[in-house]
There are 2 protein chains.
Amino acid sequence: MDTLSATLSALADPTRRAILARLASGEASVSELAEPFDMSLVAVSKHLKVLEKAGLISKGREAQWRPCRLEPKPLRQVDDWLESYRQFWNDNLDRLEAYATLLQQGEVDEPSK
Amino acid sequence: MDTLSATLSALADPTRRAILARLASGEASVSELAEPFDMSLVAVSKHLKVLEKAGLISKGREAQWRPCRLEPKPLRQVDDWLESYRQFWNDNLDRLEAYATLLQQGEVDEPSK
DNA sequence: CCTATATTAAACCTATAAGTTAATTAACTT
DNA sequence: AAGTTAATTAACTTATAGGTTTAATATAGG
């Protein structure tokens, strides 16, 4: 699987996004990360492995803990991918805004009229 | 499934991203969209349904064709979600850049030395 | 050395994603 | 009316995602 697909696939799960959100405020161990969730620690450990394979997190080792930290690179790649579409949705927005302005100025009829 | 998860899940497939890329340059029918791919038209039709459910495309009807067009809203939502992390990876970048500058100025040793 | 804690590995279950082929629906064309 | 083109629906297969429980591994501390 290509890296962008792996990243987006990893990000598609709400548990994993919550984990990333938690890690955005600093490192945390596996059990710390698992605590908020209503699922087994093993399940969370698997989610972490998915995130790790996608390069979204990395794990260190401190005694028996594996402190996880967020890795920005894949997120930047998503951002880069989105770049191609930014132009597109800005165009659409511009068109909508221009249209809304025309409406306000009474220069066109509303569709429902 | 929440909408962000549906969007990211839809985007995680390279075929579907290729379809979106194609649609960024204008509307296209189902068969037109299917043409470049080495899979059945039915398979592509299913991909389109996934994209449609996620709100990433919409389908019109013109005679027997269903012209598809890109819808920007879910992509913007992804962009908004990324926003929270932009700060984070900029921080990291800044740190790296600052470090690189120090290296160039010979003010610190390289890790390997 | 023994035990508790942190994490991973193994084996398993179930639902669903992604593809197939064959059949169906709908609209245009002759 | 019959045939062609466009697309969807249905039924089916296979692989994988996401969860479980139980067992294994590694480290810390008395």
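Numbered from 1 within each chain, the chains take letters A, B, ... in sequence-line order. Treat the numbers as computed from the prediction; the structure is a model and nothing was measured.
- Two residues are said to be in side-chain contact when any heavy atoms from C-beta on lie closer than 4.5 Å; Met39(B) and His47(B) meet this criterion.
- The two atoms that bring Ala18(B) and Phe37(B) nearest to each other are CB-CZ, 3.7 Å, heavy atoms only.
- Nucleotides of DNA chain D nearest to Thr15(A) and Gln64(B) differ in position, and the one nearer the 5' end is that of Gln64(B).
- The structure places CZ of Arg22(A) at 12.0 Å from CG of Leu20(A), a figure rounded to the nearest 0.5 Å.
- Across dT8(D), dG18(D), dT8(C), the shortest atom-to-atom separation from the side chain of Arg16(A) is found for dG18(D).
- Between Ser29(A) and dA6(C), a side-chain N or O to OP1/OP2 separation shorter than 4.0 Å is absent.
- Side chains of Arg16(A) and Leu51(A) form a contact here, defined as non-hydrogen atoms less than 4.5 Å apart.
- Between Arg66(B) and dA26(C) there is no side-chain N or O to OP1 or OP2 distance below 4.0 Å.
- The side chain to side chain contact (heavy atoms under 4.5 Å, CB included) search around Ala21(A) returns Tyr85(B), not counting sequence neighbours.
- For the pair Leu48(B)/Lys59(B), a side-chain contact is recorded, criterion being any heavy-atom separation below 4.5 Å from C-beta on.
- Atoms CG and CG, on Asp13(A) and Leu8(B) in that order, are 10.5 Å from each other to the nearest 0.5 Å.
- Put simply, CE on Met1(A) is 14 Å from C1' on dA18(C), counting in whole angstrom units.
- Across all strands shown, dT30(C) forms a Watson-Crick or G-U wobble pair with dA1(D), both key distances being under 3.5 Å.
- Ionic pairing of Arg86(B) and Glu83(B) is present here: one or more N-O contacts between side-chain nitrogen and carboxylate oxygen are shorter than 4.0 angstrom.
- Heavy-atom distances under 4.0 Å link DNA chain D to His47(A) of residues 47-57 of chain A, given in residue order.
- The distance from atom CD of Glu35(A) to atom C1' of dT5(C) is 16 Å, rounded to the nearest whole Å.
- Looking only at side-chain heavy atoms (C-beta outward), Cys68(A) and Glu52(A) stay at 4.5 Å or farther from each other.
- Straight-line distance from the CH2 atom of Trp65(A) to the P atom of dA28(D): 8 Å, rounded to whole Å.
- No engagement by Ser9(A) is indicated, since no non-hydrogen atom pair under 4.0 Å with the nucleic acid exists.
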Quick one: which protein N/O atoms are closer than 3.5 Å to N/O atoms of nucleotides 20-22 of chain C? Pair and distance per line, please.
from, atom 1, to, atom 2, distance (Å)
dT20(C), OP1, Ser40(B), N, 3.4
dT20(C), OP2, Ser40(B), N, 3.0
dT20(C), OP2, Ser40(B), OG, 2.6
dT20(C), O4, Lys46(B), NZ, 3.0

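- Contacts of Arg61(B) with the nucleic acid, taken as non-hydrogen atoms under 4.0 Å apart, are absent.
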